[in-house]
Amino acid sequence: MYEARERRDAMTKDIFPERYARELEDLLRASERAVAFTGAGVSEESGIPTFRGQEGLWDRYPPYLYANLGGLALLFLARPSRVAAFASNVIASLLDAVPNPCHEVLAGWEAAGRIRGVITQNVDDLHAVAGSRNVCELHGNAFRVRCLRCGSKEKLPRERLQEMSWQLRREKPSRTGLLRLLLDYASRCRDCGGRRRPDVVLFGEGLPAEEWDRAFRWASQADLFLVVGTSALVYPAAVLPRLARESGALVVEVNPEPTPVTALAGLHVPFPAGSFFSLFCARGDP
Ligand code: NAD
Ligand code: ZN
């Protein structure tokens, strides 16, 4: 009898996302050290494709070629036009994207002291654009470059990226043309004159130590860990939900698909992040 009621409750909750929203509001109100942890899924409704899943980037651009330095170098030598097409597609989707209700609500919750900040695996800058201040960027930021010699970082104006995207499309550059575009874009370091590269973490590369230490601390101190839009398959970031859980946090997951986090989660919200979080825009502050 009890089981049947639980099943019916679960079914009506699936039909009424508002019930999940109310539950999350209650949990947030009761928590003192809530932290959000986000992945590509939070930006899907902003128009940036995820890696995995239907119409994910990996269908068109296999990661063994496009997501690590060795593969990109090979491709650059053999098929520069493909590197140019990949780069201009990715850049165009980053430039076109604007924050959706998920980014906005998380920024509002931080400003209201409801969450400590956001740990993100995304490189699209949308949490910052939405107004989040405490953003721990585990995989860097596509709008920033980093000096290979002294490590200093600079966020470049969006127009520079826009210009490069147009040139990539217009010129269909040769190998040398592509190299020139990339070098022009990153330019030399103002501090030491060293070469710079986009400040994003590719597969096989280490995470920025300071950001990782901060994420580790936040996850181990959290009492509520809100995991949104990540497949939780990319390590080491994927250890954070488990670390939070083992340190005593309640894990809440927002993702239309089940993931390895689902089994750890006290609450799994099976809806797309943008439309689910828009419910909080309508309701105001928790
Ligand atoms: P992923 O592509 O591996 O997984 C995406 C997850 O989001 C899936 O579990 C999917 O079910 C879920 N999802 C899809 N649409 C959703 C929606 N509307 N709402 C909520 N969830 C949704 O992404 P990942 O786990 O972040 O790991 C991949 C790596 O790719 C990360 O390191 C990240 O740096 C990088 N990446 C970043 C961006 C970006 O900056 N926007 C985009 C693609 C990939
Ligand atoms: Zn430098």
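The shown structure was predicted, so the numbers you read here are calculated from the model rather than taken from an experiment. Sequence positions, counted from 1, serve as the residue numbers for this chain.
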Polar contact flag, side-chain donor to acceptor under 3.5 angstrom, D125-N141:
yes
Has the side chain of R149 got a donor or acceptor atom that lies under 3.5 Å from a matching backbone atom of C192?
yes
Going from CD1 on I91 to CG on L161, what distance comes out if it is rounded to the nearest 0.5 angstrom?
4.5 Å
For S187 and D184, indicate whether the former's side chain and the latter's backbone hold a donor-acceptor pair under 3.5 Å.
no
Of all residues at least two apart in sequence or in a different chain, which pass the side chain to side chain donor-acceptor pair (under 3.5 Å) check with R190?
E154
Same cluster for Y235 and F203 if Ile/Leu/Val/Met/Phe/Trp/Tyr side chains link at under 4.5 Å?
no
Work out which heavy atom in A249 is nearest to a heavy atom in A222; give both atom names and the distance.
CB-O, 3.3 Å
With side chains defined as the heavy atoms from C-beta onward, is the minimum distance between L243 and F225 less than 4.5 Å?
no
Mind checking whether N255 and V261 have side chains closer than 4.5 Å, heavy atoms only?
no
Go through it in stages, so that I can follow the logic: the residues are W218 and V118, the test is side chain to side chain contact (heavy atoms under 4.5 Å, CB included), and I'd like the CA-CA distance, side-chain angles, deciding distance and then a yes or no.
CA-CA 9 Å; W218 285 6; V118 180; 5.9 Å; no
Minimum heavy-atom distance between S231 and P260, given as atom pair plus value
O-CD, 3.3 Å
If you compare all heavy atoms of C147 against all heavy atoms of C189, which two are closest, and at what distance to 0.1 Å?
SG-CB, 3.6 Å
Using the side chain to side chain contact (heavy atoms under 4.5 Å, CB included) rule, take L183 and R180 through it: C-alpha gap first, then chi angles, then the decisive distance, then the call.
CA-CA 5 Å; L183 292 178; R180 183 179 43 73; 5.9 Å; no
Just so I know, are the side chains of L72 and L202 near enough to count as touching, which here means a heavy-atom distance under 4.5 Å?
yes
Less than 4.5 Å apart, side chain to side chain, heavy atoms only: is that true for E205 and L69?
yes
Hey, does L28 have a side-chain heavy atom less than 4.5 Å from the side chain of L224?
yes
Criterion salt bridge (charged side-chain N to carboxylate O under 4.0 Å, His left out) on R214 and E211, from CA distance to verdict
CA-CA 5 Å; R214 195 152 61 117; E211 299 293 283; 3.5 Å; yes
Using the test side chain to side chain donor-acceptor pair (under 3.5 Å), find all partners of S46 that sit at least two apart in sequence or belong to another chain.
N100
Sort and list the pairs that fulfil ring pair (Phe, Tyr, Trp, His ring centres under 6.0 Å) and have at least one residue in residues 156-182, not counting sequence neighbours.
none
From S31 OG over to R114 CZ, what is the distance, rounded to the nearest 0.5 angstrom?
6.0 Å
Note: C102 and V228 closest approach over all heavy atoms is SG-CG1, 4.2 Å
For P256, side chain to side chain contact (heavy atoms under 4.5 Å, CB included) partners two or more places apart:
none
Of the non-hydrogen atoms in V201 and P208, which two are nearest, and what is the gap between them?
CG2-CD, 3.9 Å
Treat each ILVMFWY residue as a node, draw an edge where side-chain heavy atoms are under 4.5 Å apart, and state whether L138 and V123 are in one component.
no
Please identify each residue that fulfils salt bridge (Lys or Arg N to Asp or Glu O under 4.0 Å) with E45, with sequence neighbours left out.
none
How far does CD of Q167 sit from CD of E163, to the nearest 0.5 angstrom?
4.5 Å
Under the side chain to side chain contact (heavy atoms under 4.5 Å, CB included) test, residues paired with A40 that sit two or more places apart:
T50, N122
Which is it for L94 and F143 under the side chain to side chain contact (heavy atoms under 4.5 Å, CB included) test, yes or no, and what are the steps along the way?
CA-CA 9 Å; L94 287 170; F143 295 94; 4.1 Å; yes
Sorted by chain and number, sequence neighbours left out, side chain to side chain donor-acceptor pair (under 3.5 Å) with S152 holds for D191
Supply the atom-to-atom distance L178 CG to M164 CE, rounded to the nearest 0.5 angstrom.
8.5 Å
Partner residues of R33 under the salt bridge (Lys or Arg N to Asp or Glu O under 4.0 Å) criterion, sequence neighbours left out
none
Exactly one candidate in T259, T262, V227 meets side chain to side chain contact (heavy atoms under 4.5 Å, CB included) with H268; the answer is T262
Under 4.5 Å between any side-chain heavy atoms of V254 and L226, yes or no?
yes
Hey, quick one: are I115 and V135 part of the same hydrophobic cluster, counting side-chain heavy atoms closer than 4.5 Å, chains of contacts allowed?
no
Quick check: is F51 connected to I119 through a chain of hydrophobic side chains (ILVMFWY, heavy atoms under 4.5 Å apart)?
no
Those residues at least two apart in sequence (or on a different chain) that pass salt bridge (Lys or Arg N to Asp or Glu O under 4.0 Å) with E110 are none
Can you pull the ring pair (Phe, Tyr, Trp, His ring centres under 6.0 Å) pairs that have at least one residue in residues 63-107, sequence neighbours excluded?
Y61-Y66, Y61-F86, Y66-F86, H103-H127
Mind telling me whether F271 and Y20 have parallel, tilted or perpendicular rings, with 30° and 60° as the class edges?
perpendicular
Shortest non-hydrogen contact from L126 toward A97
CD2-O, 3.8 Å
Students often mix this up, so state it plainly: with edges at 30° and 60°, are the rings of F280 and F277 parallel, tilted or perpendicular?
tilted
Are L156 and L95 connected in the hydrophobic side-chain network, where two residues link if heavy atoms are under 4.5 Å apart?
yes
Output for pair (K153 NZ, R196 CZ), nearest 0.5 Å, gives 13.0 Å
Treating S220 as the side-chain partner and F216 as the backbone partner, does any N or O pair qualify as donor plus acceptor under 3.5 Å?
yes
Quick check on side-chain hydrogen bond (donor to acceptor under 3.5 Å, both in side chains): which of R146, K155, H139 does D199 satisfy it with?
R146
I want to check something: taking the side chain as every heavy atom from C-beta on, are L106 and V42 in contact at a cut-off of under 4.5 Å?
no
I need the L168 CG to L182 CG distance, nearest 0.5 Å.
7.5 Å
Name all residues meeting the salt bridge (Lys or Arg N to Asp or Glu O under 4.0 Å) criterion together with D213; count only those two or more places apart in sequence or in a different chain, and write none if there are none.
none
So for atom CZ, which belongs to R79, do other residues, nucleotides or ligands contribute more than 12 heavy atoms lying within a distance under 6.0 Å?
no
Mind checking whether V129 and E104 have side chains closer than 4.5 Å, heavy atoms only?
no
Got a sec, which pairs hit salt bridge (Lys or Arg N to Asp or Glu O under 4.0 Å) with one end in residues 239-264, sequence neighbours left out?
R242-E246
